[in-house]
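Worksheet: the structure to be examined is printed underneath.
Quick note on labels: first sequence line is chain A, next is B, and so on, each numbered from 1.
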Amino acid sequence: MALDRTDHYPFREIETKWQRVWEETGLFRVREEPGRPKFYCLEMFPYPSGRIHMGHVRNYAIGDAITRYKRMRGYNGLHPMGWDAFGLPAENAAIDNGVHPAVWTYENIATMKAQMKALGISYDWDREVATCDPEYYRWEQLIFVRMFERGLAYRKSARVNWCPGCQTVLANEQVEAGRCWRCDSEVVTKDIESWYFKITEYAEELLEWCDRLPGWPERVLTMQRNWIGKSEGAEFDLPVAGRPGLALRVFTTRPDTSFGMTYAVLAPEHPLVAQLITGPEEGAAVAAFQAEVARETEIERLATDRPKRGLRLQARAVNPFNGAELPLFLADYVLMGYGTGAIMAVPGEDQRDWDFAEAHGLPIIETVQRPPGWTGQAYMGDGVKINSGFLDGLTVAEAKRKAIDWLVGQGLGVAKVNYRLRDWGISRQRYWGAPIPIVYCPSCGTVAERPERLPVVLPQDVQITGKGGSPIADVPGFVNTTCPRCGGPARRETDTMDTFVDSSWYFLRFCSPQHVGGLADADAVHYWMPVDQYTGGIEHAILHLLYARFYTKVLRDLGYFKLDEPFQNLFTQGMVVKDGAKMSKSKGNVVSPDDFIVTYGADTGRVFELFMAPPEKDLEWSDQGVEGAFRFLNRVWRFFQSHRAALGGAAPRPGDLSAPGRAFRRTVHETIRRVTTDIEEFHFNTAISALHELVNATHVYATESLDRAAAEERASLLAESIDTLVRLLAPFAPHLAEELWEKLGRRESVFRASWPVADPAALERDAVQVVVQVDGRVRTRLVVSPEIAEDRLRTEALADEKVRPWLQAREVARVVVVPGRLVNIVTRGSGTPT
RNA sequence: GCCGAAGUGGCGGAACUGGCAGACGCGCACGUUUGAGGGGCGUGUGGGGUAACCCGUGGGGGUUCGAGUCCCCCCUUCGGCACCA
């Protein structure tokens with residue numbers, strides 16, 4: 001049942017008023033103040049897709065609560081916002097509606113910025129950046145140039161999704177069940193020349209630093225470690241039988257199992273395959289197999305619940321450990337992109353090899369002693385080596401070392417560390433992205449653009465059809481240029497950069513967004529960085545966060561900044577769902593922030609989203625929950641209105657308060673303590689419930705009848721309570737708090753006021769409740785002094801009249817006393833109480 | 001298939017390091033204010049039982065004086081994934 005809102009607090013006037021005041025006074029504008037502690041709070045900047053949704057609101061409400069809290073604790077709080085403005089949806093809008101991507105993007109930015117302002121998030125809007133602004137991407141192009149000079153950016157062939165209908169490259173998301181999402185053509189793979197960043201060069205450092213990021217969720221670090229995928233082992237050659245000089249290089253993490261190899265496998269794309277074909281008949285079979293595998297996606301090739309496809313070649317490989325000749329296969333489960341693209345197969349100690357061997361009738365040799373009863377599958381555990389020549393009797397670890405030593409000694413192989421991480425392909429054959437600043441010169445070759453000629457500006461006047469190559473390839477004024485080195489006629493690169501590049505350094509630009517001398521002012525970066533709190537969705541746990549870490553290290557090594565890691569603390573928030581599903585237009589379960597703000601106000605939205613679930617978990621949208629949050633703020637407002645006149649008087653004197661006064665004051669200071677630790681630990685839901693309790697307790701205290709002395713002290717205690725409540729409420733409902741603060745007669749913003757500190761004297765208790773159990777069951781509760789001696793408490797518990805019946809005809813075996821908490825009387829015997 | 005997280009009232013969720021399970025909110029019921037509705041205020045609200053009490057944190061075992069919390073097995077749900085040699 002919806003509320004009749006004639007009686008609600010005037011949130012609209014309040015929110016508009018304070019948003020204006022904040023803007024006019026520049027309250028959230030910050031600059032470096034050397035010597036003052038800083039707090040850089042950042043939410044992942046959004047893609048300007050059209051309108052913000054409740055997931056954004058949740059993200060910003062979290063970041064804003066933290067920033068405002070930290071400011072009240074005296075930190076110089078940087079809280080910037082910008083736009084991850086390049087990307088595919090803008091091009092799709094252009095194709096579907098004929099609107100230019102730039103127009104579409106900037107319109108969306110204007111809309112979303114207005115929405116954010118209506119939420120009253122405390123951003124320093126002077127620092128706003130959009131990645132599609134040439135003043136932003138010129139520095140990205142400069143970084144590219146420096147990376148190219150260092151060999152960290154290079155070109156190689158890449159396999160892409162190709163739509164023969166549109167004659168264009170497709171992103172994974174544009175491929176639906178193997179078909180183009182636009183024209184429904186069957187998608188094929190195609191190799192094209194692409195630009196790459198050598199992130200693999202940083203694999204080891206990125207991995208090592210995973211152990212030095214205690215402020216990151218462990219599960220994110222685990223995902224990053226697994227993505228980097230370090231494995232240690234050996235790389236060596238398997239000679240091809242009867243083909244001197246020809247060998248397959250294989251990588252293995254289990255060189256100790258080499259005596260157990262019963263076949264070998266090449267990835268179907270392996271360049272050696274062509275040389276191994278013995279005749280036209282086999283050539284045709286191989287080509288057919290390769291075509292078959294090319295149709296499989298990598299996900300399919302890596303799926304466990306489908307049979308592994310294989311094609312046996314006539315050529316045979318030789319096991320260098322014992323000279324055995326082995327069958328040689330092409331198989332889909334071996335990928336060219338990992339290791340050497342060829343493996344020795346040891347079915348005894350690898351389950352994938354076991355499955356393949358069983359399907360193809362290949363022998364299985366056990367090289368590790370099985371535990372008793374082990375049967376029917378590969379054994380990957382430790383044990384004593386068997387059937388392994390000179391490795392017999394060793395443990396797996398010993399045998400690994402010895403096998404590697406042997407390979408090295410024989411000159412056959414090397415110890416090798418391998419990473420699953422691949423270099424980062426950044427070329428996109430698309431329009432709406434930052435141009436790659438490279439020029440192809442007939443005489444000088446591939447040349448980086450000269451820094452003083454940057455930015456290479458994306459031309460505006462293009463036709464976007466979704467067909468053919470990059471639209472800027474058809475703009476002669478863009479493509480035709482002069483060589484930065486020799487000045488002769490040359491051609492520009494027409495690929496643009498992956499938008500993940502744009503978002504890999506924006507947090508640095510926020511430190512000095514108008515800086516014209518480079519990507520960011522070093523002093524500003526050294527003052528503000530690292531980001532103290534980064535908050536966003538778990539979907540970015542790997543790619544964005546890994547790329548940003550990589551970029552930070554690259555910029556350090558290029559000499560720009562002394563900074564190893566960009567994000568000190570990371571928080572990954574849960575999704576906002578409705579009816580159990582993620583909000584989306586197609587499901588029709590979207591709740592619009594605009595409607596919401598009109599009906600309830602921004603403060604209610606924030607309080608609801610922070611209160612209804614712990615922030616790391618999914619939040620189920622609930623209209624009734626919203627009503628609850630709205631009711632709470634109205635209650636605060638009403639209470640304030642009716643008791644304002646009764647506030648004031650001297651500050652409470654803790655020493656000579658009446659008993660109810662002391663009890664009430666303890667509640668106030670307990671709330672300070674709870675809300676403070678809860679915010680520090682991201683428990684916003686329990687912080688807000690503590691505020692509920694404070695409001696309830698204040699209401700009871702204000703209306704209960706007291707004797708005259710107690711009633712006189714009430715005004716000053718209520719004043720302290722209300723003052724505290726307003727400050728504690730400020731991070732969650734900033735507009736309302738600001739309004740009440742002003743009504744309390746304060747001239748400065750509540751965000752310039754200090755965060756309250758709990759008075760230890762007020763927290764002291766003169767009595768505690770102790771639970772008394774008999775055999776673990778609660779029988780009574782005693783109210784005692786907190787300093788009561790242990791044996792006195794024991795005696796009182798044993799003598800209690802509620803306890804005694806439970807001890808009749810039973811013997812007390814022992815008494816467990818937990819001071820200040822409980823007494824548990826443990827008995828022995830058969831008597832039961834009568 | 002593997003890895004990770006989580007299963008607590010009618011619902012969202014609390015519960016520090018093993019110490020009163022269910023804070024706070026929603027919903028519901030009754031009362032009160034009101035011409036009425038809405039709203040406000042008050043009381044109650046895990047299940048069973050007149051009561052004393054008993055039973056209760058996905059299921060089953062275990063450790064412990066004491067388990068939502070720790071250990072083992074199982075079930076379910078949700079996330080992530082890379083058959084990575």
Side-chain angles (χ1 to χ4, degrees), chain A residues 1-8 217-220 222-223 226-227 229-231 233 235 250-254 257 265 298-299 301-306 308 331-335 337-346 349-353 355-356 418-422 538-539 541-542 574-575 580 607-608 611-614 616-629 631-632 634-635 638 677 683 685-693 695-696 699 703 769-778 780-781 805 813-818 820-827 833-834:
Chain A
M1 201 50 63
L3 302 182
D4 174 354
R5 279 175 219 87
T6 52
D7 215 12
H8 61 62
E218 197 49 50
R219 72 176 194 283
V220 172
T222 302
M223 282 192 250
N226 293 341
W227 189 261
K230 180 179 184 173
S231 54
E235 206 176 275
V250 298
F251 172 73
T252 178
T253 54
R254 292 292 303 275
T257 64
V265 185
E298 197 167 304
I299 304 284
R301 287 174 67 170
L302 304 181
T304 53
D305 51 354
R306 58 192 279 290
K308 298 160 181 30
D332 58 353
Y333 77 101
V334 173
L335 300 177
Y338 183 78
T340 58
I343 61 160
M344 67 175 204
V346 184
E349 278 85 35
D350 185 295
Q351 191 59 44
R352 295 153 300 163
D353 296 346
D355 295 340
F356 189 86
N418 220 359
Y419 299 92
R420 177 206 165 276
L421 184 68
R422 299 172 205 172
I538 187 72
E539 67 273 20
I542 298 174
M575 289 188 306
V607 168
F608 162 74
F611 174 66
M612 285 301 279
E616 69 279 8
K617 289 178 75 175
D618 284 356
L619 170 73
E620 171 72 34
W621 186 266
S622 150
D623 291 333
Q624 289 175 337
V626 173
E627 297 281 351
R631 203 175 299 171
F632 169 63
N634 273 297
R635 193 165 147 86
R638 258 197 325 273
T677 56
H683 296 160
N685 52 333
T686 49
I688 292 171
S689 71
L691 293 177
H692 281 137
E693 288 179 73
V695 171
N696 293 346
H699 182 78
T703 51
Q769 201 182 62
V770 171
V771 169
V772 181
Q773 299 179 327
V774 177
D775 293 322
R777 297 182 167 259
V778 178
T780 191
R781 297 173 173 85
R814 65 186 275 213
V815 180
V816 179
V817 179
V818 182
R821 280 183 181 269
L822 67 63
V823 177
N824 188 12
I825 300 162
V826 185
T827 69
T834 47

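Side-chain proximity of E693(A) to rA85(B), rA23(B), rG12(B): nearest is rA23(B). Of the candidates rG40(B), rG12(B), rG13(B), the closest approach to any side-chain atom of F611(A) belongs to rG12(B). Between rC41(B), rC26(B), rG25(B), one nucleotide has an atom nearer to the side chain of H692(A) than all others, and that is rG25(B). The V334(A) side chain lies nearest to rA85(B) when the options are rA85(B), rA23(B), rC26(B).
For rC81(B) and rC20(B), the P atoms lie 40 Å apart once the distance is rounded to whole Å. The C1' atoms of rC75(B) and rA29(B) are separated by 37 Å, rounded to the nearest whole Å.
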Pairing string of RNA chain B (Watson-Crick or G-U wobble, both atom distances under 3.5 Å; | = paired to other strand) is (((((((..(((......[....)))(((((((.....)))))))(((....)))..(((((..]....))))))))))))....
Contact string for nucleotides 51-57 of chain B, one letter per nucleotide 5' to 3', B = base within protein heavy-atom range under 4.0 Å, S = sugar-phosphate only, - = neither, reads ---SS--
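Regarding the sugar-base torsion, rG48(B) falls in the anti class, its angle being beyond 90° of 0.
Annotation: side chain to side chain contact (heavy atoms under 4.5 Å, CB included) contacts of T780(A) (sequence neighbours excluded): V772(A), D800(A), K802(A), V803(A). Every residue two or more places apart in sequence or in another chain that forms a side chain to side chain contact (heavy atoms under 4.5 Å, CB included) with R821(A) is listed here: V818(A). With sequence neighbours left out, R777(A) forms a side chain to side chain contact (heavy atoms under 4.5 Å, CB included) with R779(A).
Of the possible donor and acceptor atoms, none in the side chain of N418(A) sits under 3.5 Å from a partner among the backbone N and O of S231(A). The backbone N or O of V770(A) sits nowhere less than 3.5 Å from a side-chain atom of R781(A) that would complete a donor-acceptor pair. Judged purely by atom type and a 3.5 angstrom limit, D775(A) uses its side chain to pair as donor or acceptor with the backbone of T827(A).
The residue H699(A) sits close only to the backbone: its heavy atoms come under 4.0 Å of sugar-phosphate atoms, none of a base. Within the nucleic acid shown, G339(A) has no heavy atom closer than 4.0 Å to any nucleic acid atom.
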Would you list the protein and nucleotides 19-22 of chain B atom pairs, both N or O, that sit under 3.5 Å from each other?
{"unit_1": "rC20(B)", "atom_1": "O2", "unit_2": "R781(A)", "atom_2": "NE", "d": "2.7"}
{"unit_1": "rC20(B)", "atom_1": "O2", "unit_2": "R781(A)", "atom_2": "NH2", "d": "2.6"}
{"unit_1": "rC20(B)", "atom_1": "N3", "unit_2": "Q769(A)", "atom_2": "OE1", "d": "3.4"}
{"unit_1": "rC20(B)", "atom_1": "N4", "unit_2": "Q769(A)", "atom_2": "OE1", "d": "3.3"}

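Residues S231(A) and R814(A) each lie close to RNA chain B; by heavy-atom proximity, the contact nearer the 5' end of the strand is made by R814(A).
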